[in-house]
Structures are given as structure tokens and as C-alpha cells.
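Here's the structure, in C-alpha cells; my notes come after.
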Amino acid sequence: MSQTAVIHEQMAVPQPKQHGKPGGFLAHTNIFTGLIGGVVAAGVTYFIGDKLVPWGTQNADFSQVGLNALVFCTFVAWVIGFMAGIGAFAGPIRWALGHDLTHDDAEYMAGKGQGRMKYWKYTTDHKVVGIQYLVMALVLFGFGGFFAMLIRTELGATWREVFDPNFYNSLIGTHGIVMIIAMIIVVAGPLGNFIMPLMIGARDMAFPRLNALSFWLLFAAVPPLVLNLVMGGIRDGWTVYQPLGTQAPIGMIGYQVCIITFAFSTGIAGVNLITTIVTMRARGMTWARTPIFIIGTLAAAIMGLVWFPMFQYAQLLAASDKVIGTSFYIPQSGGSVWLYENLFWLLGHPEVYVIVVPATAGILELMVVFLRKPLFSYKMAVAGFAGVVGISAVVWVHHMYMTGFAPQAGYPFMLSTELISIPFGFLVLVMLGTLWRGKAWNRLPMMAVYAVIFDKIIGGITGVYLSDVPVDQYMHGSMFVVAHFHYMLMGAGLFAAMGVIVYWFPKMTGRMFDERIGKIGFWTAFLAFQVTFLSMFVAGLQGMPRRVLQFDNAFDISNWISTIGAYCIGIGMLIFLYAVITSWRNGKVAPSNPWGAKTLEWQTETPVPLENFPVLPVVTSDPYGYGIPDPYLKVEEELDQDDNETVGAR
Amino acid sequence: MSIETPVDQPESPTNRPESTHRMKEWFSRDYVRKIIAIFIVLTIIIIPIAWLVIHFLELSGGPASSIMEELETTIFVFTLVSAPLMAITAAVLIYSLFGWGSIKSEDPPMQENPAIRTNAVAVIGWTAATSLLAAFLVIWGLVELATITADSYGSTPSSQQPNATKQIDVNVTGQQWVWSFEYPDQQKIQSDVLVVPINTPIYFNVTSKDVVHSFWVVEMGVKIDANPGAVTNTGFTANKLGTFNIRCAELCGLHHAYMETNVQVVTQDQFDSWVREQGGKRTA
């Protein structure tokens with residue numbers, strides 16, 4: 001018998017037949033049919049539940065459970081109805097019926113020939129999804145920022161209660177969770193979807209339809225959350241510790257449905273990002289040649305995928321306590337409040353890194369371009385991200401030092417928490433080494449780099465106090481903690497996000513960013529940020545607890561300063577937002593590579609064509625081939641000879 | 001794998017200088033000296049912050065227990081230890097802004113900067129320095145935690161503290177939105193103000209009737225959550241007479257902001273008479 005391998009010629013794959021116009025059912029669906037579908041489904045569910053099922057007529061205790069169940073079903077129906085209305089189920093139903101999508105259908109779904117309407121539809125193109133995420137993040141920041149102004153108004157008016165305490169408690173909870181969601185999506189959403197596939201030289205994400213699904217699930221998750229304000233509110237802070245959450249009015253159901261849906265969204269997005277990064281990098285883009293922003297996005301996606309289910313599970317159990325009367329978290333019936341706290345912080349801490357890591361990676365990426373230098377010690381940056389991902393799994397108990405659930409746990413978790421400062425230190429060295437001896441090109445993104453490093457210094461050092469269990473006996477639950485995490489999330493996260501969005505703005509919108517107005521807004525916000533939160537550190541040190549609306553007169557002065565600062569942040573952010581909107585509408589048309597950068601996304605034209613690259617690129621070196629050989633000192637190159645010859649050849 | 005040295009290298013590879021010479025050359029560079037100067041100035045500026053932080057901590061009248069004193073020492077030491085790290089980062093930042101200069105132009109600048117891809121000395125030195133720092137913080141923290149645990153739970157060997165001071169147990173109950181205290185060994189006195197004698201170990205059994213509260217005796221540096229369905233413990237030995245704050249540090253609903261009371265540290269005699277007075281009321 002012959003053992004010779006036979007190489008078959010590629011066989012013609014039978015193509016599905018085109019039924020009617022491209023797009024089929026999806027040609028008729030958009031956000032408005034989605035809204036109609038969602039509202040109708042919610043209305044019908046509420047009506048049927050209220051009229052036909054007799055749970056409203058039970059005794060007092062049971063009727064509350066019944067009402068919760070009714071509201072829960074209504075919100076879930078809203079999500080399903082919205083997804084059905086926008087056409088999310090069209091693809092799976094077609095498979096079930098044996099009609100697969102044709103090439104024309106796929107192109108229609110990617111938004112071909114639809115003009116601006118594609119931004120309002122279930123569009124699979126990663127560039128459209130990126131823009132949708134960006135707008136969504138801006139809207140959420142608008143909500144969250146407005147709530148922040150109201151909170152500061154209450155805290156600044158030390159002589160009276162401006163708001164009803166219940167409304168004030170809802171404000172802090174809603175501000176917290178809206179901002180957390182906005183921060184999670186603001187870098188990984190727009191840039192992870194729009195820029196990342198371009199940067200690795202791919203035509204789209206690995207799973208374009210999942211990409212659309214992840215965005216529209218997020219969109220569907222937001223109305224239940226925002227509606228809570230008219231349904232009694234989330235009166236429990238963004239953490240919603242149980243059993244306080246069980247006492248809450250029905251608005252709490254909105255929070256739970258939002259988190260459950262949002263966790264599906266991040267899980268789907270995480271799978272998509274990881275698969276794309278691992279399998280779809282351009283030919284020749286080995287791991288050592290992958291831009292650092294891609295590594296950071298990968299790290300964040302892994303953490304999100306692994307840890308978000310914990311949060312989802314925590315909320316599923318909480319919803320089940322409210323809806324079907326289980327008692328996972330109700331101590332009187334055998335539950336445990338510590339179960340909730342553990343499940344919550346198992347996500348709660350890695351989530352901070354889900355926010356900070358891609359923002360930091362984006363900052364590293366643009367430092368290289370504006371300093372015209374290679375990244376200092378790429379390997380160390382990768383090690384830093386890897387270390388953060390690894391250790392982030394075992395630090396959550398530092399949020400629970402004072403819960404008393406295991407006093408001995410303080411020892412190992414203090415160790416792990418302080419160890420995580422070492423990989424973060426790596427990233428600081430990479431930043432400093434890249435700054436070293438570089439003459440910076442002074443544009444707004446580079447200014448964000450300086451701002452972020454400054455905030456990281458303060459946020460990092462104050463974090464050292466908080467990692468220590470004895471010090472936490474004083475600091476835990478005080479304004480000091482609030483100031484610290486605003487330094488990390490807003491100072492190092494949001495200002496970094498502003499920098500990277502300005503950097504990639506020309507590629508995403510095809511317009512140059514108006515830096516003159518943008519700089520005014522950025523610096524106003526940055527300086528006011530320092531005033532607000534440095535003063536808040538003082539209030540914390542003096543012993544002001546967080547989440548209060550009235551307090552000892554000793555804290556008056558620092559709260560007045562914080563409130564004035566906060567209003568100035570608001571003004572700065574509005575100016576920045578004005579710059580974003582005006583530049584987007586009628587800014588100068590951007591060339592394809594305005595920064596002279598070497599990563600792949602700048603090598604294709606602007607606006608980016610539907611399939612990104614006319615010919616898929618082949619990578620021969622890492623993208624950091626800037627700079628002249630160092631005249632001072634022998635440089636110990638990480639790259640081998642071959643790579644070095646082709647640096648900058650692209 | 002290293003590459004042939006660039007042509008304008010001061011020394012040829014065969015005549016490679018000793019590492020000390022290379023360090024001397026490095027330290028003789030203009031920008032290195034300036035950064036070191038900025039670093040020293042910044043360190044001198046930052047160090048007084050340690051006292052400032054302690055000043056803010058003590059504004060409300062503390063420290064009133066050995067725990068709070070140890071805690072202030074920790075904060076003080078941590079600030080001092082972090083000061084050089086803050087200063088070196090800020091020094092490079094400042095020198096990058098003003099020393100190495102910047103380019104203002106619309107188009108990408110043609111001039112490029114030195115291609116420093118990595119530097120073994122910097123990488124190893126930085127890793128070693130930050131690891132040592134982290135190790136110091138961890139060891140300090142662990143020792144501190146053990147000390148404070150001993151102070152809080154009264155587990156110091158009794159040989160050191162003879163029977164002169166007897167431990168007093170207090171049952172603390174949080175409920176929306178008041179604290180209440182019960183003295184099980186003192187005729188089960190109930191009180192909504194905590195009264196403790198000076199220099200006596202106080203041991204708390206903390207629980208809650210409804211939701212999670214957090215029992216924070218501010219100037220004593222003690223905090224523990226009050227959980228429904230569980231008892232948590234903490235304790236302190238007050239060493240300063242006066243009235244101090246107790247606050248709730250965990251959002252517990254509508255009037256969380258008003259859930260505060262006082263701890264009155266009194267002499268043993270005053271405490272005894274207070275117990276008699278309260279106990280008398282109970283029996284009456």
C-alpha cells in the first residue's frame with residue numbers, strides 16, 4: 001500500500017443560497033425595533049404576571065416576594081425583548097432553519113452601504129462596535145459625573161441636608177456602579193474593539209457577531225440600572241452589601257439584572273478579545289513583536305473572563321434571595337453575609353486591574369510614539385502585566401480585613417497585597433526608562449502621560465498604607481479610601497483613557513482632535529482633581545467615614561475645598577467633552593498617520609476601509625524601532641541581529 | 001547576546017573599563033547629577049509630609065490607646081520609606097518635563113532619541129530595590145499585626161500584666177442606627193455610651209441585629225464589622241482620659257451618617273461609681 005500523502009486540491013465549498021435582499025430580517029431591525037421589542041416584552045410580562053398569576057393576592061410577606069419576582073421577570077423580558085427586537089437571534093434561528101448567512105448577508109451585517117444607520121443597528125464590524133462603545137462610555141460618564149456633582153453638593157452644604165437621605169444613598173450607589181461600568185468599557189471597549197484588530201493586522205474580530213452581541217447586551221443592561229432611581233434606588237453603595245440589599249426597594253432588582261446582563265457582555269467580549277489576540281495576529285507578529293497595548297488588553301480580558309462570573313453569581317444569589325425567597329445571605333435563616341462579600345470582592349479587586357491595566361498599556365503605547373524612543377524593557381512590561389494578572393487572583397480579602405470573617409487571613413493577604421506592588425513597580429520602571437533622555441513631542445496625549453504618572457505616585461503610596469492590616473483598622477471605610485481609589489481609577493485610569501482616546505481619535509473618527517480647547521479642559525480637570533482628592537485625604541485622616549451625608553464640623557473645611565474642586569473637575573470635563581464633540585463634527589480631516597507611528601493601525605488609510613487592509617500585512621520587527629543608536633553606552637539589545645536590521649524598515 | 005558596540009563608543013571593547021569606572025562616568029553626566037539633585041530636594045520636601053499626616057490623624061484628640069500609637073508609627077515609617085520612591089519617580093518626571101526639553105510642532109518630529117531598549121543594571125537594581133522595600137513593608141506589617149492582635153485580644157502573657165488590671169468584657173450591638181453596649185460582668189449594665197476605665201484591657205464581642213455595621217472607635221484605632229448572625233471580637237486598652245468618637249464605618253441604610261456615639265475614658269474610681277449608679281438604676 002502506498003503511504004504517500006495525497007494533497008487534495010481545495011474543493012469548492014457549497015455556498016448558501018441568497019434569499020431575497022442581503023441582510024434578510026436584519027435589514028428591518030435597528031435600535032428602535034429593539035426598544036419597541038423590549039418595552040412590549042416587558043409590558044406583556046408585567047401584565048400577565050400581575051393579572052393572571054395570583055401572587056399579588058398573597059399575604060403581606062409573600063406579596064413582596066411576588067412583586068420582586070414580577071419586576072425581575074419584567075426586566076429580564078426587557079433584555080430578551082430588546083435583543084430579539086434588534087435582531088440578535090436572527091443568526092442562530094437561521095442556523096436552526098438551515099439557512100446560513102451568505103457573503104452578501106455578512107457584508108450587510110458588517111454595515112456595508114448603510115451610511116450612518118449602521119451605528120444604530122446590530123452591526124458586526126469591529127470599527128462600528130468600537131464607536132458604539134465610545135459613545136456609550138461617554139453617556140455613562142455623563143450620568144456618573146452628574147451624580148458626582150450632586151453628591152459633592154450635598155457634602156459641600158455642611159449646614160443642611162440638601163437631599164433626602166434615601167435619595168442621597170441611591171446617588172452614591174448609582175454613581176459608583178455607573179462609573180465602574182463606564183471605566184471598564186472606556187478603554188477596552190472603544191480601543192479594544194476598534195484599534196486592537198487593526199493593530200494586530202486582522203480584518204475583524206474573531207467572532208464579529210459575538211462582538212455585536214456584547215455591545216448590545218451592555219446597552220440593554222443600562223436602562224434597568226438607571227431606572228432604579230425612580231424605583232427606590234440602590235441605597236447600599238455600589239457594593240450592595242447584604243442583607244442591607246435584601247431590605248432595599250424593588251429598584252435593587254434593576255441593579256441585579258444589570259450586573260447579570262453586563263457580566264454576560266464582558267464574558268462574551270473577553271472570549272472574543274482573547275481569541276482574536278491569540279489567533280489572529282498578522283504573519284510574523286510573534287509574541288515578542290506584539291505591541292504592548294495588545295498584551296495589556298489580553299491581560300484585562302483574561303481577568304474579566306475569569307472573575308466576572310463571580311460578580312454575576314453573587315448577584316444571581318442575591319436576586320434569588322429576593323425573588324424566590326432563598327436565604328443565601330440572610331443570617332436569620334442560615335445564610336452568611338460573608339459569602340456575599342467574598343463573592344463580590346473576588347471580582348471586585350481584579351476589576352480594578354481590568355480598568356487600570358489596559359489604560360496603562362495604552363499610555364505605554366503612546367509614550368513610545370511621542371518620545372520617539374523604543375519601549376524600555378518590553379519584557380519587563382510583559383512581566384509586570386503577567387504578575388498583576390497572577391497576583392490579582394489572591395488579593396481580594398484586603399477589602400475584608402475588618403469584616404472579622406477570618407482574622408488570621410490578614411497575614412497571607414497582606415503579603416499578597418504588598419507583593420502586587422512589585423509587578424506594578426515594573427510598569428513604573430518601564431515608564432521612567434522610556435522617559436529617560438527623551439525629548440518629548442509635546443502634544444495632549446503626552447501631557448496625559450505626565451498626569452498619569454503623577455497620579456500613580458500618589459495613588460500607589462496611599463495604597464501602601466491601605467494594604468497594611470493595622471493601618472486599615474483606621475483607614476477602612478473612611479474618606480481616605482475614597483480618595484485613594486479615585487486616584488487610581490480616575491487619576492490613573494480616566495486621565496489615561498482621555499490620553500489614549502485623543503491619541504487614537506484621528507484613526508477612529510477621521511478628524512484631528514482640537515488640542516487647544518482639549519488642553520484647557522484636561523488641565524482644568526487635572527488640577528481640580530488634585531484639589532478635590534488631596535483635600536479628601538485630609539478628611540479621611542481626620543476620621544471621616546465614607547458614604548455619609550452629614551458629619552462632624554471638624555471635616556467642614558476639607559469638604560468645602562473638595563466640593564469647589566469637584567465643580568471645577570465638572571467644568572474641565574465639559575470643556576473636554578466640547579472639544580471631543582466639535583472635533584468629531586468639524587475638526588480638521590486627519591491624515592492616515594498623523595503621529596508618524598509605526599504600529600499597524602496607522603499604516604492603513606483613514607477612514608479605515610471595511611476590511612481594514614487591502615493586503616494583510618506581514619510583520620518583520622517589533623513596532624518600537626524608533627531612535628538613534630545610543631552614543632553614550634553599549635546597549636544590551638533584546639532583539640537578535642536579524643530583528644535589529646529590519647527595525648524601522650516598515 | 002550582545003551586539004558590536006557603536007562606533008562612537010568612548011572605549012573599544014578590548015579595553016573595556018571596569019564597572020566602577022563606568023559608574024563613575026555615569027554619575028559624571030550632567031543630567032544624572034541634576035536628577036540626583038532634584039531627587040534629594042524632593043526627598044527633603046516630602047519627608048515633612050510624614051509629620052503632617054500624623055498631625056491630621058491627631059486633630060480629633062488621639063491617640064488614646066497603644067494600638068493607635070503603634071498605628072501612627074506605622075504610617076510615619078511607611079511615609080518615610082516611600083519618600084525616596086516618590087521622589088525618584090517625581091524627579092525623572094520633572095527632569096523629563098523641563099530638563100530634556102520638549103518639541104512643539106504640528107508634524108511628527110524628525111529628531112529621534114537614544115534607542116535605549118533595556119539596561120540590565122537598571123532592571124536588576126529597580127527590581128531589587130522595590131522587592132526589598134516590599135519585603136520591609138511585609139515584615140513590618142506582619143510584626144505590627146501580631147503586636148496589635150495581642151493588644152486587641154489581650155493575649156499578652158499574663159505574667160507581664162499581673163492581676164492589677166482585670167479585663168472588662170463589653171457586648172456591642174449595632175442596629176439601625178444606634179450602638180448599644182452591655183457589660184455582662186458588671187450586672188449587665190446597658191448603655192448607649194461606651195464608658196471604659198483607663199489602662200484596663202477592654203474586650204468587645206461585636207454583633208448586629210439587622211445589617212452589617214462597622215464598629216469604629218476612631219481615636220483608639222480599632223475597627224471591626226458588626227455582622228448579623230455572628231460575633232466578631234476586638235479590643236483596646238485606653239491610655240488617655242477624655243471623650244472620643246465612635247462611628248459606623250459601613251453603609252447601613254437611611255441614617256448611617258448619624259450612627260455615632262462616644263467613648264468616655266475615665267479613671268477606675270469614676271468607672272466604679274458609674275457602674276454602681278447604673279446598676280442601682282437597673283435594680284430600682
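Letters A, B, ... mirror the listed sequences (proteins, then strands); counts begin at 1.
For A:Asn169, the part sitting under 4.5 Å from any heavy atom of chain B is the side chain, from C-beta outward, and nothing else. Heavy atoms of A:Met400 lying under 4.5 Å from chain B are absent altogether. When heavy atoms are compared at a cutoff of 4.5 Å, A:Val337 approaches chain B solely by way of its side chain, counted from C-beta outward. With a threshold of 4.5 angstrom between heavy atoms, A:Trp441 approaches chain B through its backbone and through its side chain. Residue contact with chain B, scored on non-hydrogen atoms closer than 4.5 Å, involves the side chain of A:Glu161 exclusively.
Heavy-atom pairs under 4.5 Å with chain B peak, among A:Gly477, A:Ser336, A:Pro545, at A:Pro545. The greatest number of non-hydrogen atom pairs below 4.5 Å with chain B, out of A:Leu549, A:Asn593, A:Val464, is found for A:Val464. By number of non-hydrogen pairs under 4.5 angstrom with chain B, the leading residue of A:Pro243, A:Gly596, A:Gly404 is A:Pro243. Your options are A:Pro165, A:Ser467, A:Gly543, and the one with the most heavy-atom pairs under 4.5 Å with chain B is A:Gly543.
Residues A:Leu429 and B:Val123 share a closest heavy-atom pair of CD2-CA, 3.9 Å. Residues A:Gln242 and B:Val212 come closest through the heavy atom pair O-CG2, 3.5 Å. A:Lys373 and B:Pro114 make their closest contact through CE-O, 3.2 Å (heavy atoms, listed as atom of the first residue, atom of the second, distance). In terms of heavy atoms, B:Ser96 sits closest to A:Tyr450 at OG-OH, 2.7 Å. Of all the heavy atoms in A:Tyr626 and B:Ala115, the pair that sits closest is O-CB, 3.7 Å. Taking all atoms of both residues into account, the shortest heavy-atom contact from B:Asn113 to A:Lys439 is OD1-N, 3.0 Å.
Surrounding CD1 of B:Ile47 are more than 12 heavy atoms belonging to other residues, nucleotides or ligands, all under 6.0 Å away.
Applying a 4.5 Å heavy-atom cutoff, the residues of residues 129-136 of chain B that approach chain A are B:Thr130, B:Ser131, B:Ala134.
A salt bridge does not link A:Asp472 to B:Lys223: none of the charged nitrogens lies less than 4.0 Å from a carboxylate oxygen.
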Run the side chain to side chain donor-acceptor pair (under 3.5 Å) check on B:Thr79 and A:Tyr465 step by step: do they pass? CA-CA 8 Å; B:Thr79 316; A:Tyr465 299 141; 2.7 Å; yes
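In this structure, the separation between CH2 on B:Trp140 and CE on A:Met414 is 12.5 Å, given to the nearest 0.5 Å. To the nearest 0.5 Å, atom CG of residue B:Asp225 and atom NE2 of residue A:His476 are 5.5 Å apart. For the atom pair CZ of B:Arg247 and CZ of A:Phe551, the computed distance is 11.0 Å after rounding to the nearest 0.5 Å.
Contacts of A:Tyr474 classified as ring-ring contact (aromatic ring centres under 6.0 Å, His included), with partners at least two apart in sequence or in another chain: B:Trp216. Under the side-chain contact (heavy atoms from CB on, under 4.5 Å) criterion, B:Asn205 pairs with B:Asn171, B:Tyr203, B:Val231, B:Asn233, not counting sequence neighbours. Not counting sequence neighbours, B:Glu144 has no partner by the salt bridge (Lys or Arg N to Asp or Glu O under 4.0 Å) test.
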